[in-house]
Participant: 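There's a structure below that I have some questions on.
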Amino acid sequence: MEDKMKKTFNKLAISKLDDFVYGSCPNPVTTKSGMVIGGGLVYPELNFTLPGMDVNDATMDKAARIYTDIITTSLQRAAELKSPGVLIEFETIPDFTEVPAYGRRINQILIDEIKAAADKYGLKATLRTTPNDLREMSRPPVMRGGKYWDTMLELFNNCAKDGTDFLSIESTGGKEIHDDALVKADIRKSILAMGVLGCIDMEFLWAEIVKICDAHDCLPAGDSACGFANTAMVLAEKGFIPRSFAAVVRVVAVPRSLVAFEQGCVGPDKDCAYEGPYLKAITGCPISMEGKTAAPAHMSPVGNVAACVCDVWSNESIQQVLLLSGMAPVVGMEQLIYDCRLMNAATAKGQQFMMRDLLSDSDASLDPQAYVLSPEVVLRISAEIVKATPDGHLAMTIAAARGAIEEIKAGITSGKVQADKRDMKWLDKMSRQIDTIPNDPHEFYKMMEPELDLTTFTASEYGL
Amino acid sequence: MEDKMKKTFNKLAISKLDDFVYGSCPNPVTTKSGMVIGGGLVYPELNFTLPGMDVNDATMDKAARIYTDIITTSLQRAAELKSPGVLIEFETIPDFTEVPAYGRRINQILIDEIKAAADKYGLKATLRTTPNDLREMSRPPVMRGGKYWDTMLELFNNCAKDGTDFLSIESTGGKEIHDDALVKADIRKSILAMGVLGCIDMEFLWAEIVKICDAHDCLPAGDSACGFANTAMVLAEKGFIPRSFAAVVRVVAVPRSLVAFEQGCVGPDKDCAYEGPYLKAITGCPISMEGKTAAPAHMSPVGNVAACVCDVWSNESIQQVLLLSGMAPVVGMEQLIYDCRLMNAATAKGQQFMMRDLLSDSDASLDPQAYVLSPEVVLRISAEIVKATPDGHLAMTIAAARGAIEEIKAGITSGKVQADKRDMKWLDKMSRQIDTIPNDPHEFYKMMEPELDLTTFTASEYGL
Amino acid sequence: MATLEQVSQCVVDGDVAGVQGIVKQLIDAKTPPMDIINKGLVAGMNIVAPLFKSGEMFVPEVMESAETMNKGMELVKPLILDTDMTTKGKIMIGTVNGDLHDIGKNLLIMMIESSGYTVIDLGVDVKEETFVSAIKEHQPDIVGMSSMLTTTMMKMESTVAEMVKGGVRDKVKVIIGGAPISPDFVDEVKADGYAEDASTAVELCDRMMASI
Amino acid sequence: MATLEQVSQCVVDGDVAGVQGIVKQLIDAKTPPMDIINKGLVAGMNIVAPLFKSGEMFVPEVMESAETMNKGMELVKPLILDTDMTTKGKIMIGTVNGDLHDIGKNLLIMMIESSGYTVIDLGVDVKEETFVSAIKEHQPDIVGMSSMLTTTMMKMESTVAEMVKGGVRDKVKVIIGGAPISPDFVDEVKADGYAEDASTAVELCDRMMASI
Ligand SMILES: [Zn+2]
Ligand SMILES: [Zn+2]
Ligand SMILES: [Zn+2]
């Protein structure tokens with residue numbers, strides 16, 4: 001079993017703290033509308049979803065009206081607030097991917113309204129389309145073919161053809177194993193799920209998505225370990241699993257999400273991929289991040305620190321509900337724009353590094369999950385990850401886990417990060433577990449096989 | 001007709017830009033729970049309201065459950081995020097003031113749960129109670145007696161007795177005239193409404209509220225020109241009236257809201273009083289402000305600049321509705337805490353002035369309403385206002401209006417603030433109108449009387 | 001020689017002081033009074049409305065235009081029969097029980113009135129029974145209710161219920177609006193239409209009248 | 001000499017490796033098997049549940065406790081009659097049609113099971129008809145439905161409707177939960193109860209069972 005990296009990242013694209021800041025990166029991306037993402041300014045990225053309702057033939061007109069209303073009012077507000085540009089994410093709901101005609105219809109509405117806002121207000125905007133990873137609708141998941149695969153690719157293809165600027169996905173390869181890793185706080189299983197299964201699956205999946213992008217005037221943007229590391233964050237926030245465990249899982253996700261870039265992604269990486277700062281350090285590509293302004297979608301311990309090196313700043317998602325001032329997506333747009341204004345004002349004065357450090361200082365000492373997102377920690381662990389690149393994804397993932405554990409331990413010991421009294425015990429336990437992992441992914445899989453629930457998982461779907 | 005100022009502010013409490021920043025002020029206020037407001041840290045202030053529902057005997061149990069749920073979950077989140085302290089505002093809905101037993105019951109729930117959170121988490125929290133100004137329920141309003149006056153004072157009294165820390169109100173004296181001033185963009189009528197009627201009424205009203213506070217262990221916090229200047233902001237945001245007019249109205253509100261401090265208020269002034277920075281400069285007392293994090297309550301052009309010199313940072317209000325992550329008030333608490341963390345992180349590094357300037361830079365040039373909230377403009381106009389103090393409230397209000405007009409004109413001319421092409425015309429028109437105002441408030445009132453709708457307004461209620 | 005276009009322009013410019021002079025000239029020149037109204041004064045307001053909607057005119061300017069139109073009307077009205085004066089319809093407006101917000105309601109009334117409707121303003125804090133008895137008295141085509149508070153929006157439902165009880169619900173169209181009101185709320189309170197703001201309210205009324 | 005307290009402690013500590021040795025000693029010492037279960041194993045889980053709720057124990061620790069309990073049970077079960085084993089009730093759980101989220105559902109099942117209920121797990125993306133046929137087959141006391149998406153929450157309503165049609169609605173209590181679900185939603189979909197999270201779900205089930 002060999003990694004099929006089209007591109008390899010043997011060294012950091014950004015190695016110095018003085019080059020690592022929000023708004024700019026070595027490989028900025030220019031959109032059709034002329035926004036240069038990573039070219040200096042931080043742009044807002046708005047995502048939104050339907051309120052509680054059924055989606056079917058009978059309700060699609062209503063759904064279309066709701067999306068039309070959301071996009072027109074949000075773009076109008078962006079124009080009123082003189083935003084220099086806006087990224088819109090269309091993260092589909094499962095029904096929209098299952099019935100690609102539904103998803104395509106909404107996608108077209110967004111494309112049309114973005115165009116209309118350009119004409120009406122001179123607003124620059126760009127669209128990211130993120131279909132659902134339908135493959136887990138089969139239980140156990142069927143990863144490389146079958147009706148869900150075909151259906152999902154149909155939506156990717158059609159949206160690319162219709163003029164979407166970016167394609168993304170939150171791919172789920174390995175999740176069927178990782179869910180169990182999370183509730184058992186089992187770091188080995190997490191490493192197997194993301195560092196072996198996830199990487200194998202993303203190589204296959206992203207090779208396909210990149211092909212679709214190449215066939216149309218469309219850019220492959222990136223993936224998110226949302227169902228892995230964000231689920232860990234949510235569970236930690238509820239007190240279900242240790243925060244230190246969730247922090248390590250976050251970093252374990254890095255080599256997995258990096259695979260998208262090895263296969264040709266150019267960014268901006270997905271907003272909910274909090275592993276983004278690592279990807280930016282390693283690849284030099286722009287990233288989208290979300291933090292306090294995404295609180296309507298999920299609470300987090302990383303509300304400010306998440307912004308330190310973002311190139312796009314997102315609200316994650318909000319359903320169309322009426323708040324006192326207006327509809328929630330418009331509120332989200334306004335809040336994002338003010339956040340971006342503040343960061344960009346600092347850049348205009350050459351104070352972006354100082355702002356970055358304040359964003360980091362304000363959170364990093366309060367939670368290990370925030371600590372591992374602080375720029376200097378990110379750079380140190382990223383350096384460990386790329387050192388392991390020649391040895392493949394499993395080695396990189398082990399390096400990520402080890403790096404995170406050592407950094408958090410050192411942070412706790414030196415008082416740089418507060419921790420629960422139980423965290424050190426868990427970190428030690430994780431260290432010991434990682435020491436038992438063999439270097440060969442196949443051997444590792446064989447070792448773990450007895451502990452896997454094989455009713456939820458088909459090894460051959462991963463070429464194992 | 002003479003102004004009855006118990007305290008006069010003949011000079012600025014803060015006259016230098018280097019002393020004018022968020023989090024600290026010359027006259028900090030210490031709460032029973034040990035928070036020092038204006039003593040260095042910016043604290044969050046959370047306000048919330050019921051979702052769409054009737055309030056009556058049959059539903060009060062439900063309302064009580066909702067308030068209990070809001071306060072417990074919000075304080076829990078504040079504790080989880082390690083907030084150094086929290087201000088809770090109970091801004092009543094009209095039914096709670098009309099039936100003081102309702103308001104008192106909810107107020108007691110908040111007091112109890114604040115106490116419970118102190119015991120459970122060690123969280124410092126404090127309560128501001130803001131009854132409604134019921135007097136406008138009579139049409140024309142009855143300002144100095146009658147059933148609405150008695151009912152309103154009953155709630156003030158009982159909440160003070162029960163242990164509320166702060167009393168506030170958004171008083172409405174003069175609003176019956178000001179509504180018309182707004183839709184006609186008539187600056188003279190605005191000055192009459194706030195600089196004469198509002199000031200006269202607030203002297204009377206706040207003398208009473210301060211008495212109530214003195215009788216109990218309670219502090220008079222301050223008033224807001226919400227129904228005046230915030231209505232102007234909302235109308236300007238809809239494109240109904242000129243932004244420059246709304247900006248001038250904001251500053252016109254300053255002497256009116258200052259009356260609360262002349263009568264003994266100590267702050268923190270009301271969150272929605274965007275005239276707060278002026279009050280802080282003049283009185284040296286702490287202020288609460290709201291901006292981007294209050295977008296669920298109302299959109300605004302001052303999302304960041306509003307924070308420049310705040311001591312408390314508020315969400316204005318949010319109804320109890322479910323968002324994707326949880327209930328909206330908890331989301332509000334989280335967002336406020338992250339905003340405060342960032343400001344406080346800057347203070348910890350001695351970079352609070354730099355942060356203040358970025359907050360200002362990011363908005364001030366984009367809208368005259370933001371421009372008049374930038375700290376240096378605030379200090380300059382405030383200096384003009386206090387110069388007029390010996391001549392009374394009308395003179396101060398005229399000075400405020402003139403100062404605002406001149407500053408905005410100069411800002412537009414020098415390119416410091418963008419304006420609509422029609423703004424300069426409106427500024428000139430306002431200047432000309434102000435030139436016709438006599439110095440004597442009585443004479444001014446007589447001059448304006450023919451233009452007033454006397455069916456909506458009773459002069460004798462203002463001692464005129 | 002004064003023209004009907006000049007009358008329109010006066011209205012657009014809100015030239016309260018100048019309009020009567022021009023209208024007088026036209027009357028003296030035997031211009032048909034209904035032309036002065038329809039091709040002059042009302043034509044002017046028909047230019048104003050879209051300018052307001054697109055943000056090129058402010059409310060105070062629209063109010064001056066409306067005042068200018070009324071000034072012109074003062075001179076023309078005595079010259080025509082009452083029956084010649086048409087109204088687009090009769091609309092009754094009120095802020096619901098417990099709610100004191102009136103500035104939005106007043107803007108709405110101004111917009112609706114100057115677009116050619118007859119308006120009956122019930123004011124603020126209007127009790128359920130008051131709506132019903134006023135409907136019986138004035139027989140409006142449309143009843144508009146506004147609410148600005150989450151705790152008064154439910155009064156729309158009880159007001160409609162009271163209309164049903166009073167036997168007048170099917171005699172009027174009911175439209176609603178206000179900050180906490182979403183389009184879905186129309187069904188919930190059994191109303192007929194929703195308007196987001198003053199401009200769209202006029203369009204809504206036009207649609208409602210067309211469907212009566 | 002081993003004690004029942006030691007058994008409890010093993011469960012609390014999640015001592016999967018050690019529990020069987022101690023249980024064996026107690027069996028050899030003729031401790032009544034039902035005492036080993038109730039005063040040892042179950043007593044341990046009764047300590048665990050509140051520690052989890054207060055945040056002093058993590059889910060993986062609770063899972064180890066549950067596993068420890070099961071290890072102990074393996075030895076004791078053959079010594080008792082099937083009829084001696086009581087269950088607090090039978091609960092059926094599924095994520096609704098179109099929804100793939102299962103981690104929350106699985107946590108819930110673990111918590112409910114280790115508190116003494118028998119659980120039937122229908123999995124994710126459970127069609128309306130599947131709920132109904134499974135109710136007929138397994139005859140649970142309570143049916144729990146979860147949904148994590150605003151666009152699948154409505155499936156709760158259609159599932160309850162299907163239960164009515166299938167004639168099984170009044171044979172079970174229906175409880176619901178999930179991120180987009182608010183307590184008010186219970187009435188909307190005609191369910192019987194709402195749980196905010198796994199801990200409160202157990203309490204809800206206890207209340208529901210008491211009311212049956
Ligand atoms: Zn995600
Ligand atoms: Zn997203
Ligand atoms: Zn207010």
Side-chain angles (χ1 to χ4, degrees), chain A residues 49 52 77 80-82 234 237 239 291-305 307 316-319 321-326 328 330-346 348-349 351 354-355 357-367 418, chain B residues 49 52 77 80-82 234 237 239 291-305 307 316-319 321-326 328 330-346 348-349 351 354-355 357-367 418:
Chain A
T49 190
R77 191 65 189 148
E80 286 167 0
L81 290 176
K82 306 178 172 97
V234 169
E237 212 55 41
K292 62 183 166 191
T293 315
H298 60 79
M299 311 286 170
S300 89
V302 297
N304 287 322
V305 69
E316 162 73 6
S317 193
I318 185 106
Q319 78 274 47
V321 287
L322 186 65
L323 302 177
L324 300 173
S325 57
V330 184
V331 170
M333 178 65 89
E334 171 147 336
Q335 294 192 320
L336 289 171
I337 288 174
Y338 278 110
D339 287 347
C340 292
R341 275 192 192 178
L342 183 61
M343 291 188 266
N344 292 333
K349 272 188 161 167
Q351 295 174 335
M354 201 210 56
M355 179 63 81
D357 290 344
L358 292 176
L359 288 163
S360 176
D361 290 353
S362 67
D363 295 344
S365 67
L366 297 173
D367 192 300
Q418 294 176 31
Chain B
T49 190
R77 191 64 189 146
E80 286 167 0
L81 290 175
K82 306 180 172 94
V234 169
E237 212 55 42
K292 63 183 166 192
T293 316
H298 60 79
M299 311 286 171
S300 90
V302 296
N304 287 323
V305 69
E316 162 74 7
S317 192
I318 186 106
Q319 78 274 48
V321 287
L322 186 65
L323 301 177
L324 299 172
S325 57
V330 185
V331 170
M333 178 65 90
E334 170 147 337
Q335 294 192 319
L336 289 171
I337 288 173
Y338 278 110
D339 286 348
C340 292
R341 275 191 191 177
L342 183 60
M343 290 189 266
N344 292 333
K349 271 187 163 170
Q351 296 173 333
M354 206 209 51
M355 179 63 80
D357 290 344
L358 292 175
L359 288 163
S360 176
D361 289 354
S362 67
D363 294 343
S365 67
L366 297 172
D367 192 297
Q418 294 176 30

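We use all heavy atoms of the structure for the numbers below, so side chains are in, but hydrogens, waters and symmetry mates are not. Reminder, nothing fancy here: chain letters follow the sequence lines and each chain counts from 1.
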Participant: Output the option from A:Ser300, A:Ala328, A:Cys340, A:Gly291 having the highest count of non-hydrogen pairs under 4.5 Å with chain B.
Facilitator: A:Ser300
Participant: Heavy-atom pairs under 4.5 Å with chain A are the metric here; pick the option from B:Ala295, B:Pro296, B:Gly303 that has the most.
Facilitator: B:Pro296
Participant: Quick one: what part of A:Val330 sits under 4.5 Å from any heavy atom of chain B, side chain, backbone, both or neither?
Facilitator: both
Participant: The criterion is side-chain hydrogen bond (donor to acceptor under 3.5 Å, both in side chains); which residues satisfy it with A:Asp361, sequence neighbours excluded?
Facilitator: B:Lys349
Participant: So which residue, B:Arg77, B:Met355, B:Lys82, ends up with the most heavy-atom pairs under 4.5 Å with chain A?
Facilitator: B:Arg77
Participant: At a 4.5 Å cut-off on heavy atoms, which part of A:Glu334 comes close to chain B: side chain, backbone, both, or neither?
Facilitator: side chain
Participant: Is any side-chain heavy atom of A:Gln335 less than 4.5 Å from a side-chain heavy atom of B:Gln335?
Facilitator: yes
Participant: Which residues satisfy the side-chain hydrogen bond (donor to acceptor under 3.5 Å, both in side chains) test with A:Arg341, sequence neighbours excluded?
Facilitator: B:Asp363
Participant: For A:Met299 and B:Glu80, run side chain to side chain contact (heavy atoms under 4.5 Å, CB included): C-alpha distance rounded to whole Å, both residues' side-chain angles, the deciding distance at 0.1 Å, then the answer.
Facilitator: CA-CA 11 Å; A:Met299 311 286 170; B:Glu80 286 167 0; over 6 Å; no
Participant: With only heavy atoms counted, which part of A:Asp339 is less than 4.5 Å from chain B, the side chain, the backbone, both or neither?
Facilitator: both
Participant: CG/A:Leu358 to CG/B:Leu342 distance, rounded to the nearest 0.5 angstrom?
Facilitator: 6.0 Å
Participant: Side chain from CB out, backbone as N, CA, C, O: work out which of these in A:Leu322 comes under 4.5 Å of a heavy atom of chain B, or both, or neither.
Facilitator: backbone
Participant: For chain A, find which of B:Ser317, B:Gly332, B:Pro301 contributes the most heavy-atom pairs closer than 4.5 angstrom.
Facilitator: B:Pro301
Participant: Can you tell me which of A:Ile337, A:Val321, A:Leu366 forms the most heavy-atom pairs within a distance under 4.5 Å of chain B?
Facilitator: A:Leu366
Participant: If you count heavy-atom pairs under 4.5 Å between each of B:His298, B:Gln418, B:Met354 and chain A, which one has the most?
Facilitator: B:Met354
Participant: Does any heavy atom of chain B fall under 4.5 Å from the side chain of A:Val305, the backbone, both, or neither of them?
Facilitator: neither
